[in-house]
> 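This is the structure I want to talk about, given as structure tokens.
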Protein chains: 2
Amino acid sequence: MQGTEHDHLRQMLTHVQFDPHSTIFHEAEDADYVFNVTSGSVKLYKLLGDGRRQITGFLFPGDFLGLALNATYSYTAEAIEPVTACRFPREKLEKLFDEYPRLEKRMLGMAVDELAAAQDQMLLLGRKTAKEKVASFLLMLARRQEHRGEESGMIHIPMSRSDIADYLGLTIETVSRTLTQLRKEATISLKDNRHIEAVGIDMLEDLAEGL
Amino acid sequence: MQGTEHDHLRQMLTHVQFDPHSTIFHEAEDADYVFNVTSGSVKLYKLLGDGRRQITGFLFPGDFLGLALNATYSYTAEAIEPVTACRFPREKLEKLFDEYPRLEKRMLGMAVDELAAAQDQMLLLGRKTAKEKVASFLLMLARRQEHRGEESGMIHIPMSRSDIADYLGLTIETVSRTLTQLRKEATISLKDNRHIEAVGIDMLEDLAEGL
DNA sequence: CGTCTAATTGATCGTGGTCAAAACATGTGG
DNA sequence: CCACATGTTTTGACCACGATCAATTAGACG
């Protein structure tokens, strides 16, 4: 009996794939599914009426997606690198919570963590200089990479300069200039424009905290 | 039996008061309590090493506070106007969730709503102009006032220019200049510097959405 | 190689920040 | 009620960080 229930819910859980630049879901669309990224990377963004874009977050393997309980998604999700994800119908979520009560607590915990991250990002967007923003961004990438065990002394940057700019509230030119500035100050070492060797992590940390 | 359990938990729920400018809790402090604001208004903020401040949100009667499940608060909470709040020990929260299972779902719903608001604020901080920021801020105040039934055609602004500036990622001078600009364009009408008559709500809405 | 897009670099501009002073508000004691 | 002190908001003059516009260089792919 527990088995059939379990199997029934497992059936709902399908794997899906997305090519780079393809949209996983759109802002204001009916939030029919929740996702769990298993490989690749994703950007989340919101748009203003005239096309200005703010990227509100990046997702990597292990991250949840679409945990909006509202009727519609509050942002657009788009694949950066080829993405595979587990998809689960949102309307079945209640049933899933009933079967795995601890899941709801984990969900709340994740939402709270995301909220704290969002507040850090507000501090970054509202009060940090371009240099501090870029330093914070590189640190964020390094820490999340480390957190999921992809350590290698090298920071992998899957997203374009344009994505970085729209994440930090800057332009691509300022991002580029700031990276070359950090390179000239020997804080970082650009291997190629998708791989950075972070020479002075502690210098980045000081920059990020505004010290 | 249900009665005694209920009473036991009710005992934990005490009312507390805070004077203006007094701190309800500090960032990085042990998160021992959660709060529910019953009157007054609260600001939440984070600081950088050199004192730069970002206000991440304002709270009004009915709003929850401290729903961090982590060990420590991720921001400082400070009273703007005299505040009264219900306080509940965080370590008893699990017990409370067990007794009122629907509470945990509401909690998750609130966290998700706050997350959506945080993303809107990121868009504001990263991509809106000073004028759009101030317009969005006034709209936010008007809508939340309306939502809790304090409508009066007048927007009440409990916080100082300095608080507004640190919420919008601007300086007090720019906030002030922008308000006088909106006044000269007859979009708003300043009654005194804590009360604004919003003449052109639709003009504010267009400004806020970047149209 | 040649084409196309992304990233860098350069020159100039403008929004919003900084510094300073004036206007205004609030409160206290004579 | 006024004189004075303190703090907040507004206004003004000037400045700088990051944006814009434009040209060049570097990668990616057929």
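Reckoned from all heavy atoms, side chains included, excluding hydrogens, waters and symmetry mates. Below, read A as the first sequence line, B as the second, and so on, with proteins coming before strands; counting in each chain starts at 1. These numbers come from a predicted model, not from an experiment.
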> Does A:S176 make a side-chain N or O approach to OP1 or OP2 of C:dT8 shorter than 4.0 Å?
yes

> Without decimals, in angstroms, what is the distance between A:L168 CG and D:dC17 P?
18 Å

> Could you please spell out the steps behind the side-chain contact (heavy atoms from CB on, under 4.5 Å) verdict for A:E132 and B:R52?
CA-CA 13 Å; A:E132 291 165 344; B:R52 278 171 289 171; 2.8 Å; yes

> Mind calculating the distance between CG (A:D192) and P (D:dG27) to the nearest angstrom?
8 Å

> Answer yes or no: does a side-chain N or O of A:T180 lie under 4.0 Å from OP1 or OP2 of C:dT9?
yes

> Can you identify which nucleotide, out of C:dA7, C:dG17, D:dT9, has its nearest atom closest to the B:N193 side chain?
D:dT9

> In whole angstroms, how far is the P atom of D:dG12 from the CD atom of B:Q181?
14 Å

> With a 4.0 Å cut-off on N to O distance, would you call B:D63 and B:R144 a salt bridge?
yes

> Checking the side chain of B:T174 only, and the main-chain atoms of B:L170 only, is there a donor and an acceptor separated by less than 3.5 Å?
no

> Ignoring hydrogens and geometry beyond distance, is the side chain of A:R161 in donor-acceptor contact with the base of C:dT9 at under 3.5 Å?
no

> Between atom CG in B:L179 and atom P in D:dT10, what is the gap in whole Å?
7 Å

> Using whole Å, report how far CD1 of A:I172 lies from P of D:dA19.
11 Å

> Rounded to whole Å, how long is the line connecting atom CZ of A:R183 with atom P of D:dA26?
12 Å

> Where does the angle between the aromatic ring planes of B:F25 and B:Y75 fall among parallel (under 30°), tilted (30 to 60°) and perpendicular (over 60°)?
tilted

> Contacts to DNA chain C from residues 119-132 of chain A, heavy-atom cutoff under 4.0 Å, which residues?
none

> Rounded to whole angstrom units, what separation is found between the CZ atom of A:R177 and the P atom of C:dG10?
9 Å

> In whole angstrom, what separates B:I164's CD1 from D:dT9's C1'?
11 Å

> Anything under 30° is parallel, anything over 60° is perpendicular, the rest tilted; go ahead and classify B:F58 against B:Y167.
tilted

> Looking for any heavy atom pair under 4.0 Å, which part of the strands does A:L170 touch: base, sugar-phosphate only, or nothing?
sugar-phosphate

> Please determine if B:K131 and B:E185 form a salt bridge, counting it only when a charged side-chain N lies under 4.0 Å from a carboxylate O.
yes

> For A:D166, is there an ion pair with A:R53 - N to carboxylate O distance below 4.0 angstrom?
yes

> Closest nucleotide of DNA chain D for A:E173 versus for B:M159: which of these residues is on the 5' side?
B:M159

> B:T171 or A:R194: which one's nearest nucleotide on DNA chain C is closer to the 5' end?
A:R194

